[in-house]
Every structure is written in structure tokens, then in C-alpha cells.
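As C-alpha cells, the structure follows; a few thoughts come after it.
Just so it is clear, the structure is predicted and the values come from calculations on it, not from any experiment.
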Amino acid sequence: MADIRGALGLCLISAFAFLIPLVGCKGRSTELSEEELKQAIADFDFDAGLPAPNFQPPETLEQLDATYAWTDKKVIDPMPFLQKEMADYKPPITPQEAMKIHPKDEKDYQEILDAMKIQPKSDDEVAWDSTWVHHEAGDVNSLNPLRMSSVGDFFYVYLTGVSAISSSIDLEPFGDGRYIKSWQANDDNTIQKVVLRDDITWSDGTPITAADWEFTFKVILHPELISMFPAIPSSLEDVKLIKAYDDHTFVIFHDNSSAVNDMKLDFPIIPKHIYEPAIAADPSLTDSQTFEDQENQPVVGGPYEVVSRERKQRIVLKRREGYYMHDGKQVREKPYFQDIRMEIIENPTQAFIAMTDGRIDDMEVPASKWKTDANKEDFFKNNVKVKHIAWSEGHIVWNTGSPFFEDARVRRAMSYAIDYDALINGIMNGIHEQSSGPFHPSAWFAPQPSLPKFTLDLDKARQLLDEAGWKDTDSDGIRDKEINGKKVPFSFKIMLSAGNPVGELMARQLASDFGKIGVKAEPRQYEWTVVQQKTREHSFDASLGGWGSGGDPFSTENIFGTDAPRNFGQYSNPKVDELYKKGLLELDRDKRATHYQEIAKILYEDQPYTWLYYRADLYAFNKRMRGYQFSPTGPWYFAPGMHSVWKAKAE
């Protein structure tokens, strides 16, 4: 039988045990008998959060298949697909030649990436017994994949998790052939059927089944649990039900025919046999011995499993034989690394020293060191560095609910007042590119031709402020305006997170720029938790921030849609709301693109944000590392992504 110690605490349970300590090995709760356990599960309403509780799908798989005609969707096993795609690839230069480059421009960076993305021609090239020492700047929040919220959480989940759907390097969804056999949809894409492979197991040996998908869906949307999963529930909006029809087949029923229905299945799965009894006994997900065990050595379904965890220090993972072997046969690609050690080093200087010394294999290099310490000979002794422009952007968000920024003419004036050359080429050392809107120009949904970048134009800025009624009526150098019978000086605060030297310099530069048009801006730094609270409560005038990008623009409705959860600046435009709805319901990608392009143009005119730059991904890799590539979201979060990375044997 499967080893259920991980599921039910550290007490040894045999097939003859009748007392099961759900929260009891450490004496924190009373023991439950087998009958009491069954009753606890029966009493807990796992269906409480279903969006459509009265929805009645076909009762059997036979009825379902008789009702709908199915069309196959793309299913790919990402590593064999990549290896076949690159079988005849010949890089313009060899990795050995790339290691000698001290890059100075985009051509150099591209040459390095082109050389280092290679896959091994034979197993003899790979150091199969090696360890990948990966740097994380902050601790992993939780080893429960549903609770992921930090960058480290996502990295961990991509190594250990299982999901039916993944995204390609171009951010296009596909069925993940490591775990599923087929993925089909009805004619309007409102119903999708997934058939799992029969050779997938959890790390405790229990088969992964369709019931795990149905159970996870119910847990994510449960009203008692939903607040514990910050990054997941919104992805399942408009999903009626996920139903398991047998061990290998589940079906997802959507409310609407939508272009993003394919992405609704891209969420991590938890094992039902572990979490069902534990949640029934402790819905807080905190007090149970089971949850404590899962936070230290969780049951997982992906290529790697947890060996040990030292909070705020490291997480050690090992290659999971049960992932790539089944019944004595190899059924999936063997993961390249024997171990992966996630080293958590919060101090960027200490992390950089470790990278320089060769004690870690990769890191995201701080921008402040990119053209200084990362250009020194001792850094290049062990490492190569690569740069890639991401779809992420940095901006100033204007609170349109503030009397200062409720008028679009004022917001445009602020955008014309900025010295972008001083900001981009001075403070940021030319590392990042100036932006003009929320969508990167290379994205399929961005306006073509690209929207023009704002340039410094103080005369235009002053004219717009005059038109909006902000004038210096008392000759004190600060513009003012009568609001509700009272003269109000144009004096506001720029909020930013403390401990960010580059952000501080940017805020000072912006304050100086705005002073030239008679507007007083005062930078104000807060701890990150305070910044989060103030943005949620809209208790700020302006704030420095940034957003990463997903593969589809529908997610930005959460930022610019009226009353949307992340609409911190309280922006509202009915035309934008209407276009978001059209973009979501249109299935043809080219037609969808026109809706989002129109949104970008409206946002450009309204300037609810002043977009400052598109962020460059700045990474360093040990010279023995190979196989890394970059998508618009970076090197990791696509398939195969981090799983294509390997270490060459030492020369």
C-alpha cells in the first residue's frame, strides 16, 4: 500500500489501524476513529463554492459523448518536442566562444543566448548527477501550490507541480503531454474533455486521477478557503464545474464561449487523498499536523520532490524516479538534475558575491550591478550574463479619484513633463527601454504601428495644465485651483516602496521634473505591506509600480476595468469596459487583437498611468549551464522552460 505517513502525520499507520490522528501526533487534537473521519468528510460541504450549484451535466461519459461532437486540441510533451525541434540546430557560435564574450550590446546578448540554448546531442554531455543551485531573493511562501504568491513559490511549483495545460515559449496554451493523453472541446469551446495518462502518480505512490482535478477546483472556490489562495481563484471565473467522470477523464464546463477558456485549466493540482480528510478536520489549513508535514515534505506530482526545507535558508529538491519511471519502464524524459537547491539569499550583495564565486548557478542580477560589478573580470571567470526585454512594464499610477488627477489633461501634462532621457539613460543606465503603454510592441495584441513615446515637452505640459484650470494665481511658483470654494495648491506625494535605491532616485528625478511646470511632488517611502494596503484602499495620489505580463491581454481588465480588484487608480471608461467584454468573447485572435489595440489607444489618451519603461530581464548563469531560453515573461514560466536547463560535464 502507499506510504501514508506524509498524508496523516508522522505516526506509523498500518492497514489494521483504526485510530487516525488527523491533528494528533503532537497532541494538538483528539484522535478520530475511521468512522468519525468519514463523518467529518461527509459533514464538510466541499461543494459550497460551486459557481453553478444547480447546473446538471450529463450523468455519464457515454451520455456526454453522445451529446457533443469533439474537436481535438493540441497536446505536446514539451521536452521531446523541443529536442526534436532543435535536433538540427547549429548555433552561430559555440558555447565555449560565447563564454568569452563580455557583452556590450544587444547583438552580444543574442549571440550568447543562441549559443547556450542548445540541447545535448547525447547523454554523455550531461552531468546527470549534478546539482543546480538556484538563487531566490525571498523565501517561498508555502509548499502548498494553491497558496503560491511570490516569485519563489512559482519556481517551486513549476518544478514539483502537475497541470493539464501549459504554455509555450510564445505563451500559447497547449495540453501538457507529460500528464494528459488528449484534450478536446465542443464546437463553441464551452465544454472541454481531458483524458489523463494512466502512468502518473503522486510522490507517495498514489495514482493521480481525475478526482484530484475535481477536488482541487472545489477547494479553490470554497468560501471558507478561497481567501487563502491569492493567485488562483480569478483564473477560474466563469467556470461552472469541473467533473470527474472516471479515474482518467474529467470535463470542464464554462459559462461562456470565450477565447481564454483554454487557460482556465492552467492551475496546479493538490492530492485529494491528502487534503480531503485534513481540510474536513481543519478548514483553517493551519493547525493540522498534516498541513505542517505538507509544508516541510509535501506530496507532489511533478519531476522533483522535496528532500528538506529550512525556512528563509533553502529548499532541497531531488529528481523523482516515480515521475519518469512507471512499472519498471521509462515513460517520460528523465529530469536533467539529480538535485535542485533553492538558495534563499535576501541580501543582493551577498547573493552577487556567491554568484561571482561560483557557489550558485543562476541569479537575476540587480540593475545597479549590471554595468559595474557584473562587468568585472572576476565575475566573468565563472559566469556569462544575458539580457532579454520582457513584456513587464514600470509606471506611475495616478489616482483618478484624487482632485489632482481626475482630469485626463492633467495626467497627460505630467507625462509630457518627464525627462525620459535622464530617467532611462541616466538613472537606469540605458538598461531598460522606454514604454508607451501596457502592451509591449512585440505582442500580438499591441497597436501597430506602435504608439508614439511621450517626450519631454514643458510647453505642452503647461498648456494642458492651464486648460485644466491649474494656474499659479498667487505667484508662489506652485499652481493652484479653486475646488469646492477653496484654493488648493498642486502639491502631492509620490508613493514608493522603501529599500529600493533606483526607485528613490527615480522619484527624486520625477519630483524635479514636475517642479518645472509648477507642480510640487514629494517622494514618500513606505514598507511594502503599507504600500499594498494604501493601493488597495486608494489612499494615495500617485505611486511608482510595475506589472508583469501574461500571455493574454484579458488579464489587464483586472487593472483597468471599472471597479476591478487591481484598479488601484480608480480609472473608469465605459468604452474600455465594453472592449474588454468583446475581446473576451471573440474567438478569432486577429479580431480579438483589434479590441485590445483600441483599448491601448484609449489608455494612451487617458493616461491613467504614465508608462515609463519595459523591464529588461538581467540574468547570470554559471558557464556549465545550458538550455535556457527566454519567453516574454522570463526564462522559467513556460514549458519546458526550466526543465530544458542542463549542466554540462566539467571539462
Side-chain angles (χ1 to χ4, degrees), residues 94-104 108-109 111-113 115-118 125-140 150-152 155-156 159 304 307-319 336-388 429 431 499-502 616-628 630 634-636 642 645-651:
T94 66
Q96 290 70 28
E97 291 170 324
M99 293 177 202
K100 298 176 182 178
I101 298 176
H102 295 191
K104 297 180 176 61
D108 289 341
Y109 291 120
E111 279 194 326
I112 293 171
L113 283 171
M116 293 301 190
K117 72 179 184 180
I118 60 170
E125 297 180 42
V126 181
W128 290 99
D129 60 350
S130 63
T131 297
W132 175 4
V133 185
H134 166 76
H135 170 249
E136 281 295 341
D139 199 9
V140 169
S150 70
V151 173
F155 189 86
Y156 160 78
L159 288 169
Y304 292 88
V307 175
S308 63
R309 179 189 189 187
E310 299 173 69
R311 292 180 186 271
K312 297 187 177 181
Q313 296 294 321
R314 66 188 53 83
I315 297 174
V316 180
L317 309 173
K318 71 175 180 180
R319 183 166 54 218
Y336 282 130
F337 292 92
Q338 178 172 287
D339 302 288
I340 297 179
R341 195 167 79 240
M342 297 174 62
E343 285 289 335
I344 299 156
I345 309 174
E346 295 183 353
N347 185 297
T349 299
Q350 291 178 1
F352 188 83
I353 292 171
M355 188 79 213
T356 302
D357 293 345
R359 289 183 280 119
I360 55 179
D361 291 317
D362 75 285
M363 75 172 295
E364 191 167 1
V365 179
S368 59
K369 296 184 180 296
W370 188 251
K371 291 191 174 182
T372 54
D373 294 346
N375 263 350
K376 294 180 180 178
E377 201 63 40
D378 61 340
F379 184 77
F380 286 113
K381 180 181 178 181
N382 291 314
N383 307 302
V384 297
K385 66 177 194 176
V386 294
K387 175 184 175 185
H388 183 268
N429 293 313
I431 291 172
N500 183 347
V502 174
D617 286 326
L618 308 174
Y619 277 81
F621 292 89
N622 184 276
K623 287 183 175 180
R624 289 178 61 194
M625 301 293 276
R626 304 282 191 275
Y628 45 87
F630 283 74
W636 309 134
M642 62 186 67
V645 178
W646 56 287
K647 186 175 281 190
K649 288 182 178 178
E651 296 180 354

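T94 pairs by the side-chain contact (heavy atoms from CB on, under 4.5 Å) definition with Q96, E97, not counting sequence neighbours. Remark: D357 pairs with R359 by the salt bridge (Lys or Arg N to Asp or Glu O under 4.0 Å) rule, at least two apart or across chains. Qualifying salt bridge (Lys or Arg N to Asp or Glu O under 4.0 Å) partners for R341, counting only residues two or more places apart in sequence or in other chains: E343. Taking E111 as the reference, K107 meet the salt bridge (Lys or Arg N to Asp or Glu O under 4.0 Å) condition, with sequence neighbours excluded. With sequence neighbours left out, Y336 forms a side chain to side chain donor-acceptor pair (under 3.5 Å) with Q83, Q119. Under the salt bridge (Lys or Arg N to Asp or Glu O under 4.0 Å) criterion, K623 pairs with no residue at all, not counting sequence neighbours.
Listed here is the closest heavy atom pair of R626 and P95: NE-CB, 3.7 Å. The shortest non-hydrogen separation linking A127 to R624 is CB-NH2, 3.7 Å.
With rounding to the nearest 0.5 Å, the separation of CG in L618 from CD1 in I431 is 5.5 Å.
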### Task
Test ring pair (Phe, Tyr, Trp, His ring centres under 6.0 Å) on F630 and Y619 and set out the steps.
CA-CA 10 Å; F630 283 74; Y619 277 81; 5.5 Å; yes

### Task
Let me see the working for F352 and F379 under ring pair (Phe, Tyr, Trp, His ring centres under 6.0 Å), right down to the final yes or no.
CA-CA 9 Å; F352 188 83; F379 184 77; 5.0 Å; yes

### Query
Can W646 and W132 be said to form a side chain to side chain contact (heavy atoms under 4.5 Å, CB included), step by step?
CA-CA 8 Å; W646 56 287; W132 175 4; over 6 Å; no

### Task
Start with the C-alpha gap between H134 and F155, add the side-chain angles, then the distance that decides, and say whether ring pair (Phe, Tyr, Trp, His ring centres under 6.0 Å) holds.
CA-CA 10 Å; H134 166 76; F155 189 86; 3.7 Å; yes

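Checked by atom type and distance alone, the side chain of D108 pairs as donor or acceptor with a backbone atom of K104 at under 3.5 Å. The backbone N or O of M342 sits nowhere less than 3.5 Å from a side-chain atom of Y156 that would complete a donor-acceptor pair. A donor-acceptor distance shorter than 3.5 angstrom exists from the side chain of K371 to the backbone of N429, with no hydrogens or angles considered. R319 contributes a side-chain N or O that, together with a main-chain N or O of W128, makes up a donor-acceptor pair within less than 3.5 Å. A donor-acceptor pair under 3.5 Å is absent between the side-chain atoms of D129 and the main chain of Q338, judged by distance alone.
Each of V365, I345, D362 was compared with H135 under the side chain to side chain contact (heavy atoms under 4.5 Å, CB included) criterion, and only I345 meets it.
N375 and W370 form no side-chain donor-acceptor contact under 3.5 Å, judged by distance and modelled atom types alone.
Residues D373 and K376 are paired through a salt bridge, judged by an N-O separation under 4.0 Å between the basic side chain and the carboxylate. A salt bridge links K647 with D361: the closest approach of a Lys/Arg side-chain nitrogen to an acidic carboxylate oxygen falls below 4.0 angstrom.
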